[in-house]
Amino acid sequence: MKILQLKNYDLLSAKAAEMVQIEIAKKPNLILGLPTGSTPLGMYAKLVELSAAKEVDFSEVRTYNLDEYYPIKRSHPQSYHTFMFENFFTKVNINPYNIHILNGEAPDSITECKNYEAGLLKTGYADLMVLGVGANGHIGFNEPGDFSTSTHVAELSLDTRSKNARFFDSITEVPLTALTMGLGSILKSKMILVLISGEVKEPVLKALLSGKLNPKIPATYLLLHRDVVVLTDIKIGK
Ligand code: F6R
């Protein structure tokens, strides 16, 4: 695992966008795994700028989003579907046919997860998987103690629901479950880029630096992968 410390969030976002740009230049039909949340917003904004300047071309890129609340309407302002289209997909030259997001409206959540995993398996999993991490160390919606090998229905922890309540009218509006790639699906990616921003995530960064697997911090399972780059704006070694 390579950990790169950037001076601030802007530089972290620019570096993340540059790494995505480089991988697309190497493989124009890259399979790109994508997160939502506050952390990647800067990266998406930089990628939109690069795309407008014709310095990156998404026309053949295939994307797979990590997770989605369940149940939730695609049109819900807080669905990850809405997030991705508002912040990214409508602003770059991606082919809508190449966008994959778990369907929060699917009548059968288990079948939806199976089909999504089958799609990933068929394409060979992500060439580059971009991740954020929760303050409790979750990745995607893999909460502490959830070691699923494939895409599945996950129960959201009270901690995560409380943190995400800021985007909803109240905590009762936050769905109790979500659909998410499993740790196994994530670890099958060829390369993983993890964005860790803000002091609140420092315990997660420290856990990664310790080099030890910790079942209470799912992000530490990324230590099992041989090609992970962590970008952080947290000062290391204070
Ligand atoms: C969302 C996702 C989550 C977020 C995490 C951090 O698709 O995968 O694991 O990355 O909750 O969210 P922020 O960036 O808002 O702190």
Side-chain angles (χ1 to χ4, degrees), residues 6 9-10 12-13 16-17 20 32-46 63-70 72 74 76-89 99-104 113 116 120 126 128-148 151-168 171 174-175 177-187 189 192-205 207-208 216-222 228 230-234:
L6 286 307
Y9 177 72
D10 249 17
L12 178 154
S13 303
V20 173
L32 183 60
L34 293 173
T36 58
S38 311
T39 312
L41 281 171
M43 176 191 76
Y44 288 132
K46 302 271 177 201
T63 63
Y64 280 83
N65 264 81
L66 260 178
D67 48 11
E68 176 60 286
Y69 290 112
Y70 187 86
I72 198 161
R74 284 195 187 91
H76 190 288
Q78 295 310 330
S79 77
Y80 287 174
H81 187 276
T82 298
F83 176 101
M84 288 307 300
F85 276 83
E86 278 184 356
N87 292 299
F88 189 51
F89 292 143
I99 296 170
H100 304 85
I101 307 182
L102 281 150
N103 180 6
C113 291
Y116 203 72
L120 282 164
L128 174 62
M129 178 88 236
V130 184
L131 299 175
V133 298
N136 67 355
H138 71 218
I139 46 178
F141 273 125
N142 296 280
E143 299 281 23
D146 178 354
F147 302 112
S148 302
T151 306
H152 60 288
V153 183
E155 209 173 297
L156 300 191
S157 69
L158 184 58
D159 184 48
T160 296
R161 291 184 66 241
S162 318
K163 291 213 165 63
N164 291 8
R166 67 190 194 276
F167 301 116
F168 290 79
I171 186 162
V174 184
T177 55
L179 312 179
T180 182
M181 283 187 199
L183 291 183
S185 339
I186 293 168
L187 288 170
S189 309
I192 300 176
L193 174 61
V194 191
L195 312 181
I196 306 184
S197 175
E199 297 300 316
V200 70
K201 311 272 174 78
E202 191 173 341
V204 183
L205 182 65
L208 291 174
K216 291 190 187 142
I217 306 184
T220 59
Y221 283 76
L222 298 171
V228 178
V230 176
L231 302 183
T232 187
D233 56 8
I234 302 171

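One-based numbering, in listed order, for ligands and for the atoms of each.
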Measure centre to centre between the rings of Y69 and F168, then say whether the value is under 6.0 Å. yes

Nearest-neighbour protein heavy atom for [atom], which is reported as residue plus atom name and distance:
atom	result
atom 14 (O) of ligand 1	T39 OG1, 2.5 Å
atom 1 (C) of ligand 1	T36 OG1, 3.1 Å
atom 16 (O) of ligand 1	K201 NZ, 2.8 Å
atom 3 (C) of ligand 1	G140 O, 3.6 Å
atom 12 (O) of ligand 1	G37 CA, 4.2 Å
atom 15 (O) of ligand 1	S38 N, 2.8 Å

Out of all atoms in ligand 1, which are within 4.0 Å of some heavy atom of [X]? Include the element for each.
X	value
R166	15 (O)
H138	3 (C), 5 (C), 9 (O), 11 (O)
V133	5 (C), 6 (C), 10 (O)
G132	10 (O)
L66	8 (O)

Is it true that a side-chain atom of R161 and a backbone atom of V174 form a donor plus acceptor pair closer than 3.5 Å? yes

Under 30°, 30 to 60°, or over 60°: which ring-plane class applies to Y221 and F147, parallel, tilted or perpendicular? tilted

Taking distance alone, with N or O pairs closer than 3.5 Å, would you say P35 contacts ligand 1? no

Proximal candidate to atom 2 (C) of ligand 1 [heavy atom criterion; set L34, I139, D67]: D67

